[in-house]
Amino acid sequence: MSTRVITFGTFDVFHVGHVNILTRAHDLGDHLTVGISTDELNHAKKGRYPVYRQEHRSQIVASLDCVDAVFYEHSLEAKREYLLEHRADVLVMGQDWEGRFDEFRDVVEVVYLPRTADISTTDIIHEIKNRLED
Ligand code: C2G
């Protein structure tokens with residue numbers, strides 16, 4: 001039987017940390033689905049809109065060989081519905097979400113992977129701002 005893996009994220013200003021988690025998520029099964037946080041969900045969650053709009057973020061993620069399907073994650077509260085709708089067997093998230101999805105262990109195996117060190121969208125935005133100010 002094939003194993004279906006699912007993960008969620010914003011994937012704004014796409015970088016190597018994103019590549020690493022998606023590659024490793026793919027390696028845990030046979031099919032990888034990625035839920036892309038919508039612009040509105042991000043605004044609600046982080047108080048700012050992403051730099052790249054959702055159509056571009058999802059096009060970038062969908063173009064990767066390790067990704068089989070993408071959809072928009074409109075709500076953090078609908079995670080159980082998304083897991084069932086996409087028939088997920090394994091939920092993968094980075095360790096910054098450690099423990100936050102344990103409540104879904106009744107429907108999926110939950111795996112938290114270590115984050116890639118020393119890179120984040122926020123750091124990249126700050127680096128660009130600093131260079132412009134120099
Ligand atoms: N990530 C990573 N290493 C980094 C940066 C990010 O492994 N250096 C991982 C995060 O742990 C996450 C994924 O990449 O699993 C996507 O990160 P974000 O785009 O920051 O996702 P986030 O906004 O946390 O959205 O329902 C859950 C949310 O939609 C997650």
Side-chain angles (χ1 to χ4, degrees):
M1 210 189 80
S2 78
T3 302
R4 294 174 64 87
V5 183
I6 195 165
T7 191
F8 296 84
T10 310
F11 304 102
D12 189 26
V13 188
F14 197 83
H15 60 67
V16 73
H18 297 143
V19 172
N20 288 339
I21 196 160
L22 292 172
T23 308
R24 286 181 291 165
H26 168 266
D27 289 347
L28 292 175
D30 307 293
H31 182 279
L32 176 61
T33 302
V34 184
I36 309 283
S37 304
T38 60
D39 295 340
E40 287 307 325
L41 174 56
N42 258 268
H43 189 251
K45 191 168 71 168
K46 298 183 180 171
R48 67 167 174 85
Y49 286 101
V51 177
Y52 293 173
R53 60 176 175 269
Q54 62 194 38
E55 292 80 6
H56 291 181
R57 292 184 286 110
S58 97
Q59 190 179 337
I60 290 167
V61 172
S63 75
L64 300 171
D65 282 348
C66 63
V67 173
D68 297 290
V70 296
F71 70 97
Y72 287 130
E73 177 189 32
H74 291 278
S75 164
L76 290 179
E77 279 70 51
K79 197 136 277 130
R80 183 173 292 276
E81 286 74 19
Y82 294 135
L83 298 178
L84 296 173
E85 186 183 333
H86 295 281
R87 294 181 288 117
D89 302 300
V90 184
L91 167 61
V92 172
M93 291 302 297
Q95 266 171 357
D96 44 327
W97 291 89
E98 184 85 51
R100 301 275 294 277
F101 298 109
D102 289 355
E103 63 187 286
F104 304 119
R105 289 198 193 273
D106 57 333
V107 285
V108 285
E109 181 187 342
V110 182
V111 177
Y112 301 101
L113 294 176
R115 279 170 67 90
T116 301
D118 301 328
I119 189 156
S120 74
T121 298
T122 309
D123 288 350
I124 293 168
I125 293 169
H126 285 144
E127 175 73 20
I128 292 169
K129 272 173 103 171
N130 287 342
R131 288 183 188 212
L132 289 173
E133 282 163 10
D134 281 348

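Counting convention: from 1, in listed order, for ligands and their atoms alike.
- No salt bridge links R24 with D27; every basic N to acidic carboxylate O contact stays at or beyond 4.0 Å.
- In this structure, atom 8 (N) of ligand 1 lies nearest to the protein heavy atom I119 O, 2.7 Å.
- Ring geometry for H74 versus Y72: interplanar angle over 60°, hence perpendicular rather than tilted (30 to 60°).
- The backbone N or O of M93 lies less than 3.5 Å from no partner atom in the side chain of R100, so there is not a single donor-acceptor pair.
- For the side-chain contact (heavy atoms from CB on, under 4.5 Å) criterion with V34, the lone passing option out of I21, V5, V92, V70 is V70.
- The closest approach between any non-hydrogen atom of S37 and ligand 1 is below 4.0 Å.
- With respect to the salt-bridge test (charged N to carboxylate O, under 4.0 angstrom), the residues D39 and R57 qualify.
- D12 and K46 are not joined by a salt bridge, as no carboxylate oxygen comes within less than 4.0 angstrom of a charged side-chain nitrogen.
- Ligand 1 has no N or O atom lying under 3.5 Å from any N or O atom of D12, backbone or side chain.
- The single protein non-hydrogen atom nearest to atom 30 (C) of ligand 1 is W97 CZ2, 3.5 Å, given as residue, atom name and distance.
- Closest protein heavy atom to atom 26 (O) of ligand 1: K79 NZ, 2.5 Å.
- The cationic group of K79 lies under 6.0 Å from the six-membered ring centre of F8 and within 45° of the ring axis, placing it in a cation-pi geometry.
- Using a 4.5 Å heavy-atom cutoff, the side chains of I119 and V16 are in contact.
- Looking from atom 16 (C) of ligand 1 to the surrounding protein, the closest heavy atom is F11 CE2, 3.7 Å.
- When only interatomic distances are considered, the shortest N/O to N/O separation between T7 and ligand 1 does not fall below 3.5 Å.
- In this structure, atom 5 (C) of ligand 1 lies nearest to the protein heavy atom R115 NH2, 3.4 Å.
- Counting heavy atoms closer than 4.0 Å to ligand 1, residue I21 contributes side-chain atoms (C-beta onward) but none from N, CA, C or O.
- In this structure, H56 has its ring center no closer than 6.0 Å to that of Y52.
- Ring orientation note: the planes of F71 and Y82 are tilted relative to one another, at an angle of 30° to 60°.
- Nearest protein neighbour of atom 21 (O) of ligand 1, counting heavy atoms only, is T10 N, 3.3 Å.
- Contact atoms of ligand 1 toward D96: 10 (C), 11 (O) (distance under 4.0 Å to a heavy atom of the residue).
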Can you list the steps and then say if T10 with N42 is a side chain to side chain donor-acceptor pair (under 3.5 Å)? CA-CA 8 Å; T10 310; N42 258 268; 3.3 Å; yes
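- Ligand 1 places these atoms under 4.0 Å from at least one heavy atom of H18: 14 (O), 19 (O).
- Of the protein's heavy atoms, E73 OE1, 2.7 Å lies nearest to atom 29 (O) of ligand 1.
- Protein heavy atom at the shortest distance from atom 3 (N) of ligand 1 is T116 N, 3.1 Å.
- Per-residue contacts place L76 under 4.0 angstrom from the following atoms of ligand 1 (heavy atoms of the residue considered): 26 (O).
- The ligand atoms of ligand 1 that sit less than 4.0 angstrom from a heavy atom of G94 are 11 (O), 15 (O).
- Per-residue contacts place H15 under 4.0 angstrom from the following atoms of ligand 1 (heavy atoms of the residue considered): 5 (C).
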